[in-house]
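All values derive from a computational prediction rather than experimental measurement. To find a chain, count down the sequence lines: A is the first, B the second, and so on, and within it residues start at 1.
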There are 2 protein chains.
Amino acid sequence: MITEQPTFKALADPTRRAILRQLANSDMTIAQVSNNFDMTRAAVKKHLTVLSDGGLITVRTRGRERVNALNPDGFAPVRDWLGFFEQFWDDRLTDLKTAIEKDRSND
Amino acid sequence: MITEQPTFKALADPTRRAILRQLANSDMTIAQVSNNFDMTRAAVKKHLTVLSDGGLITVRTRGRERVNALNPDGFAPVRDWLGFFEQFWDDRLTDLKTAIEKDRSND
DNA sequence: TTGACCTGATACCAAAAGGTTTCATATTTA
DNA sequence: TAAATATGAAACCTTTTGGTATCAGGTCAA
């Protein structure tokens with residue numbers, strides 16, 4: 001609801017996740033990214049816009065080109081969100097352990 | 001493309017992520033989950049189906065009720081996917097460090 | 001058995017998403 | 001300057017998505 005929504009939305013599409021993997025290897029212009037997918041440049045451009053909105057990539061201008069680059073920090077919202085659950089499970093395990101210890105002391 | 005798509009898709013909706021947080025606290029029937037959201041039971045049921053398809057929750061029958069529970073293992077595909085990028089960045093840092101060391105040895 | 005209760009499933013709707021086509025604009029470069 | 005290159009943006013189309021309303025079926029309790 002806060003600001004994590006654009007990130008999760010950006011990751012929901014398989015084409016966009018594939019683009020991110022491409023960008024992990026090297027920065028690419030829109031045309032370069034387009035060459036790797038079976039769709040028009042306009043469609044790829046839309047995906048790049050969504051990825052940018054989600055903070056997962058950055059775009060810099062180089063002459064008439066736009067160079068897209070992965071933004072490692074953009075993954076933070078997702079990692080944090082997953083972290084909530086992991087923390088939760090850790091706490092649950094701790095509680096379970098405590099309960100067992102307590103039960104043993106009652107023997 | 002493999003089997004991670006249903007998981008990412010399930011996480012893309014804010015209502016579904018909210019449901020997961022609810023289920024982190026305790027297992028709930030469809031009716032119980034519905035009480036916490038401003039939409040019909042049918043709509044919530046659809047969301048639960050998507051979450052189940054994504055492997056993020058499990059559903060067990062208890063009489064005439066369906067009890068929905070969080071499935072911790074369901075998050076693995078997302079963690080693994082994120083892991084690829086983290087591994088990648090680690091390698092990049094290692095390469096950078098190596099390059100710097102090599103450069104220094106040339107002084 | 002008979003209601004009351006919990007859920008499944010279907011039909012239907014409006015809005016969003018993913019694509020394409022087309023045209024305009026900015027940069028290079030011959 | 002002119003042509004080629006790289007992109008932005010808008011209009012349009014089809015499918016998916018998130019929701020509702022409605023009805024049928026299984027389960028519990030009096």
> 5'-most contact on DNA chain C: K45(B) or A42(A), nearest heavy atom basis?
Replying inline: K45(B)
> What are the two closest non-hydrogen atoms of T7(A) and G74(A), and how far apart are they?
Replying inline: CG2-O, 3.7 Å
>> I need the single residue from T29(A), T40(A), V44(A) that forms a side chain to side chain contact (heavy atoms under 4.5 Å, CB included) with S34(A). Which is it?
In response: V44(A)
> What are the two closest heavy atoms between N68(A) and L23(A), and how far apart are they?
Replying inline: O-CD2, 3.5 Å
> Rounded to the nearest Å, what distance is computed from the CD1 atom of residue I30(B) to the P atom of nucleotide dA9(C)?
Replying inline: 10 Å
> So, is K9(B) near the phosphate of dT17(D), with a side-chain N or O under 4.0 Å from OP1 or OP2?
Replying inline: yes
> To the nearest angstrom, how far is D13(A) atom CG from dA16(C) atom C1'?
Replying inline: 13 Å
> Under the 3.5 angstrom rule, does the side chain of R16(B) hit a backbone N or O of L11(B) as a donor-acceptor pair?
Replying inline: no
> In residues 31-41 of chain A, what residues come within less than 4.0 Å of DNA chain C, judged by heavy atoms?
Replying inline: M39(A), T40(A)
>> Suppose we call a contact any N or O donor and acceptor under 3.5 Å apart; does that hold for the side chain of K46(B) and the base of dG19(D)?
In response: yes
> For DNA chain C, what residues of residues 47-70 of chain A have any heavy atom nearer than 4.0 Å?
Replying inline: H47(A), G63(A), R64(A)
> side-chain contact (heavy atoms from CB on, under 4.5 Å) between H47(B) and M39(B): does it pass, once the steps are laid out?
Replying inline: CA-CA 11 Å; H47(B) 282 307; M39(B) 63 181 71; 4.0 Å; yes
> Do any N or O atoms from the side chain of Q5(B) and from the backbone of A12(A) form a donor-acceptor pair under 3.5 angstrom?
Replying inline: yes
>> Looking at R60(B) and D27(B), is any side-chain nitrogen of the basic one under 4.0 Å from a carboxylate oxygen of the acidic one?
In response: yes
> Rounding to a whole Å, what distance do you find between R17(A):CZ and dG18(C):P?
Replying inline: 11 Å
> Can you check whether T15(B) has a side-chain N or O nearer than 4.0 Å to OP1 or OP2 of dG18(D)?
Replying inline: no
> Quick one: does V67(B)'s side chain get under 4.5 Å of M28(B)'s, heavy atoms only?
Replying inline: no
